[in-house]
Amino acid sequence: MSPRSRGAARERTRAHYDRHPFGFDQEEILAEKLERRVMGEAIRATRPGDLVLDVGCGASRVARLVRRTSGALAVGLDLSLASLRGGRRAG
């Protein structure tokens, strides 16, 4: 894929998630991620003072789980500003 087509694909992806921000934030989904997935094992291994970078964070569910579980600092990075704003509102 050429750099130009990668840029176009990235822009289409950003535009899609800005129109339809990812918002599956139900507590059941968060609990399932924490208890039944490898990601949950990694989250439970974090400690206060650790820094977690969540690339492609969507609505920042992982960041909330990290803060809730260990108190570590979590930073989210996403193409969609609408998803990031939704994550910020969710706390």
Side-chain angles (χ1 to χ4, degrees):
M1 184 180 275
S2 74
R4 186 175 190 176
S5 58
R6 274 194 306 272
R10 184 174 33 248
E11 188 52 40
R12 284 192 307 272
T13 301
R14 179 191 349 255
H16 170 81
Y17 284 108
D18 279 347
R19 280 190 311 276
H20 311 285
F22 196 47
F24 291 83
D25 297 326
Q26 298 92 349
E27 288 298 318
E28 302 83 32
I29 291 173
L30 296 177
E32 191 268 338
K33 284 186 177 295
L34 189 57
E35 297 301 322
R36 297 196 181 115
R37 296 196 185 177
V38 173
M39 181 190 319
E41 191 175 319
I43 291 169
R44 288 190 308 273
T46 61
R47 301 291 173 251
D50 288 351
L51 175 62
V52 175
L53 176 61
D54 183 11
V55 178
C57 67
S60 304
R61 289 185 315 257
V62 170
R64 287 196 304 278
L65 284 173
V66 166
R67 286 192 306 268
R68 183 185 304 169
T69 303
S70 69
L73 176 63
V75 176
L77 176 66
D78 199 274
L79 287 171
S80 169
L81 185 56
S83 291
L84 290 169
R85 286 180 175 150
R88 177 176 275 174
R89 281 190 304 272

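Just so we're clear, the structure is a prediction, and the values are computed from it rather than from any experiment. In what follows, residues are counted from 1 in the order of the sequence shown.
- A 4.5 Å side-chain heavy-atom check between Val75 and Val52 finds every atom pair outside the cut-off.
- In this structure, Arg61 contributes its side chain and Gly58 its backbone to no donor-acceptor pair below 3.5 Å.
- Leu84 is not connected to Val55 by any chain of hydrophobic side-chain contacts under 4.5 Å among Ile, Leu, Val, Met, Phe, Trp and Tyr, and they are in different clusters.
- Side-chain N or O atoms of Thr69 include none that pairs as donor or acceptor with a backbone N or O of Val66 at under 3.5 Å.
- The closest donor-acceptor contact from the side chain of Asp50 to the backbone of Leu73 lies at 3.5 Å or more, if one exists at all.
- In this structure, the separation between OH on Tyr17 and CG on Asp78 is 8.5 Å, given to the nearest 0.5 Å.
- In this structure, Leu79 is not a member of the same hydrophobic cluster as Leu77, with clusters built from ILVMFWY side-chain heavy atoms closer than 4.5 Å.
- Closest heavy-atom contact between Arg67 and Ala72: CG-O, 3.6 Å.
- Between Ser80 and Asp18, the side chains place a donor N or O and an acceptor N or O closer than 3.5 Å (distance only, hydrogens not considered).
- Ser60 contributes no side-chain N or O that, together with a main-chain N or O of Ala63, makes up a donor-acceptor pair within less than 3.5 Å.
- Under a 3.5 Å cut-off, the side chain of Thr46 and the backbone N or O of Ile43 do form a donor-acceptor pair.
- Arg14 places no side-chain N or O within donor-acceptor distance of the main-chain N or O of Ala9, the cut-off being under 3.5 Å.
- The two residues Ala59 and Arg64 make their nearest non-hydrogen contact at O-NH1, 2.8 Å.
- Arg6 CZ: more than 12 foreign heavy atoms inside a 6.0 Å radius.
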